[in-house]
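All chains are named by letter (A, B, ...) in the order of the sequence lines, taking the proteins before the strands, and each is independently numbered beginning at 1.
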Amino acid sequence: MPPDTSSRDLASLADEELIQLMQRGDARAFELIYERHCGAAFSLAYRMVGTRNAAEDVVQEAFLAIWRSGSRYDRSRGSVRTWSLGIVHHRAIDALRRTIVHDRRRSSDEGVAEQLEARERTDVEAARREEARVIREALDGLPAEQSHVIELAYFGGFTHTEIADMLDTPVGTVKGRMRLGLHKMRDRLGAKEVAP
Amino acid sequence: MSAPDHDHWADSTAAYLLGALPDDDVAGFEHHLETCVACRRELAELRVAADALPASAPPVTPPAALKTRIMAVVESEAELLSAAGEGADRPAVAPAPARRRGWLSGLLARPAPAAALAALLLLAGGVGGALLAGGGDEGARTITAQVNRAAAPDARVSLEVDGDGRGVLVGRNLPPPPRGRIYQVWLLRPGAKAPEPTPALFGVSTDGSAAVAVPGNLDGVKQVLVTHEPLGGSRAPTRAPILSVPTTT
């Protein structure tokens, strides 16, 4: 049973409970979901599209889609955070593939200085920074040709055929590097058992 | 799973997780997944790494105004869904959302949607004025609409009601409805759980102006609402109102 919408302390609810309330049209539940994940969402979008304005558009599209499609969340396939960031990722790829953002990113006048560091306000954020560092190390620790194709694909929004053209490398080699790279990352992140 | 099928897709798992499969291949790979245990297993294994990637992005703080814009849309849709009750369709998963910047110009650049249908109901502002002139003047009033600024940042809309209780919505700087959709007028009556649909469907002229007669009499109507709906209109609103006009004081 989803919790009572009149609950005085929505903030104490888990994401999965908030999603149930959101499915019933509870805007406050959605607001909490947004507050919990907007930082990661905006960081991912910014990393991908390269400007604050374009990142705002991506995050706005993604969170409105989350609000409108909460019923599609399936907790058996991962956390609300993973699901939300997956939607952000897809929206950013859409934006990149509309090519506008690609052009904007290349001619960006905002530059690295726009990467305003988020303030470290809570222990949760500190933990996430540590998590980010570990993941970054796992990615950076891959052979360069593997991390390169993973970054081009995931953050650049390029298809394997585009990457193959870009690197003048066979498509099969590009796909193989992606696969090897993700396997190594998984091993380095210490995954143990994963259900099929 | 057939061996040739698996051979074809065996190296695609990582590309799929990274979003790097070309659109044309995604459905084919997902179809293959339904029958291939090996690929499903590898997908689950590699997902651990792929799902971790977003966290490696350098942290950047979103602006507070972004939340304000998103919540404006969410709250207005929540209100409408609440008013429409169980019968309301949930908004579609991937509509063109209101966008902060570049949105209006983007829509204006599109071809006029549903031009033929809209032309039946689209009235020039001057015509709307003429309709008003036909009604009794005593008790005539003009009510300014409350506009969802996230959806129509520059729109100015009013409801002009004549002495007989007949109304005309007159707007300027309205964005055209998204491709394949049309604006629809709704009436909310006191105590009603859901707004009632009207046959008043309308588009927007190229200069952003529109005027449409509200069917029937506005006596006993609490609010006039406008949403954009699929061509032909809807029986229950599928979107948050772009504007609302309180008709009672």
Side-chain angles (χ1 to χ4, degrees), chain A residues 25-27 30-31 34 38-40 42-44 46-47 53 56-57 59-61 63-65 67-69 71-72 78 82 85 89-90 93 115-119 128-129 131-132 135-136 139 150 153-154 157-161 163 172 175-176 178-179 181-183 185-186 189 191 194-196, chain B residues 10-15 17-23 25 37-38 40-63 65-67 69-71 73-79 81-82 90-103 150:
Chain A
D26 190 324
F30 167 83
E31 185 175 14
Y34 176 84
C38 67
F42 193 72
S43 301
L44 173 61
Y46 185 87
R47 171 71 177 81
N53 289 344
E56 286 181 36
D57 286 349
V59 170
Q60 179 163 332
E61 284 187 21
F63 273 91
L64 288 179
W67 160 247
R68 291 163 178 158
S69 67
S71 58
R72 296 197 171 190
T82 299
L85 293 177
H89 184 243
H90 279 108
I93 285 181
Q115 294 198 16
L116 306 175
E117 287 288 306
R119 282 178 296 147
R128 286 192 176 137
R129 280 178 183 278
E131 178 192 38
I135 294 165
R136 189 75 234 172
L139 185 59
I150 288 173
Y154 190 82
F158 294 103
T159 65
H160 58 53
T161 48
I163 295 169
K175 289 159 78 175
M178 290 174 179
R179 188 183 181 198
L182 285 189
H183 270 295
M185 265 195 80
R186 175 184 178 273
L189 292 173
V194 182
Chain B
D11 259 351
S12 298
T13 311
L17 283 169
L18 294 169
L21 274 190
D23 291 343
D25 288 352
V37 175
R40 281 207 306 275
R41 181 179 296 278
E42 182 170 55
L43 190 79
E45 289 172 357
L46 297 187
R47 191 184 290 282
V48 175
D51 285 351
L53 286 170
S56 71
V60 187
T61 305
L66 177 60
K67 178 182 167 186
R69 287 195 300 275
I70 292 171
M71 288 309 299
V73 177
V74 167
E75 282 167 357
S76 64
E77 291 188 1
E79 190 177 336
L81 286 165
S82 172
R90 193 76 174 170
V93 173
R99 298 177 74 173
R100 181 181 50 75
R101 172 189 16 71
W103 175 77

S.K.: Distance from B:Asp23 atom CG to A:Ile93 atom CD1, nearest 0.5 Å?
M.R.: 9.0 Å
S.K.: So which atom in A:Ala27 and which in B:Val74 form the shortest heavy-atom distance, rounded to 0.1 Å?
M.R.: CB-CG1, 3.8 Å
S.K.: A:Leu182 vs B:Leu18, test: side-chain contact (heavy atoms from CB on, under 4.5 Å). Steps then yes/no.
M.R.: CA-CA 9 Å; A:Leu182 285 189; B:Leu18 294 169; 4.1 Å; yes
S.K.: Are the side chains of B:Pro54 and A:Tyr154 in touch, meaning some heavy atoms are under 4.5 Å apart?
M.R.: yes
S.K.: Considering only heavy atoms, which portion of A:Glu131 lies under 4.5 Å from any heavy atom of chain B: side chain, backbone, both, or neither?
M.R.: side chain
S.K.: For A:Ile150, is it the side chain, the backbone, both, or neither that has a heavy atom closer than 4.5 Å to a heavy atom of chain B?
M.R.: both
S.K.: Return the CE to CH2 distance between B:Met71 and A:Trp67, rounded to the nearest 0.5 Å.
M.R.: 7.5 Å
S.K.: Closest heavy-atom contact between B:Ala20 and A:Ala153?
M.R.: CB-CB, 3.7 Å
S.K.: Count the heavy-atom pairs under 4.5 Å between each of B:Glu42, B:Glu75, B:Arg47 and chain A, then report the option with the highest count.
M.R.: B:Glu42
S.K.: Say you draw a straight line from OG1 of B:Thr13 to NE2 of A:His183; how long is it, rounded to the nearest 0.5 Å?
M.R.: 7.5 Å
S.K.: Determine the minimum heavy-atom distance between A:Phe42 and B:Pro63, stating which atoms define it.
M.R.: CZ-CD, 4.0 Å
S.K.: Restricting to non-hydrogen atoms, name the atom on A:Cys38 and the atom on B:Pro62 that form the minimum distance, rounded to 0.1 Å.
M.R.: SG-CG, 3.8 Å
S.K.: Does any backbone or side-chain atom of A:His89 lie under 4.5 Å from a heavy atom of chain B? Answer side chain, backbone, both or neither.
M.R.: side chain
S.K.: Which distance, rounded to the nearest 0.5 Å, do you find between the CD of B:Glu77 and the CG of A:Leu64?
M.R.: 6.5 Å
S.K.: Select one option (side chain, backbone, both, neither) describing which atoms of B:Ala10 are under 4.5 Å from chain A's heavy atoms.
M.R.: backbone
S.K.: Say you draw a straight line from CZ of B:Arg69 to CG of A:Asp57; how long is it, rounded to the nearest 0.5 Å?
M.R.: 8.0 Å
S.K.: Given B:Ser12, which of A:His160, A:Met178, A:Lys175 fulfils the side chain to side chain contact (heavy atoms under 4.5 Å, CB included) condition?
M.R.: A:Lys175
S.K.: Taking all non-hydrogen atoms of both residues, which atom of B:Leu46 and which atom of A:Arg186 are closest, and how far apart?
M.R.: N-CD, 4.4 Å
S.K.: Would you name the heavy atoms of A:Leu189 and B:Ala49 that are closest together and state the gap between them?
M.R.: CD1-CA, 4.3 Å
S.K.: Evaluate side-chain contact (heavy atoms from CB on, under 4.5 Å) for A:Phe63 paired with B:Val73, printing each intermediate quantity in order.
M.R.: CA-CA 11 Å; A:Phe63 273 91; B:Val73 177; over 6 Å; no
S.K.: With sequence neighbours left out, write down each residue that passes side-chain hydrogen bond (donor to acceptor under 3.5 Å, both in side chains) with B:Asp11, or none if nothing qualifies.
M.R.: A:Arg179
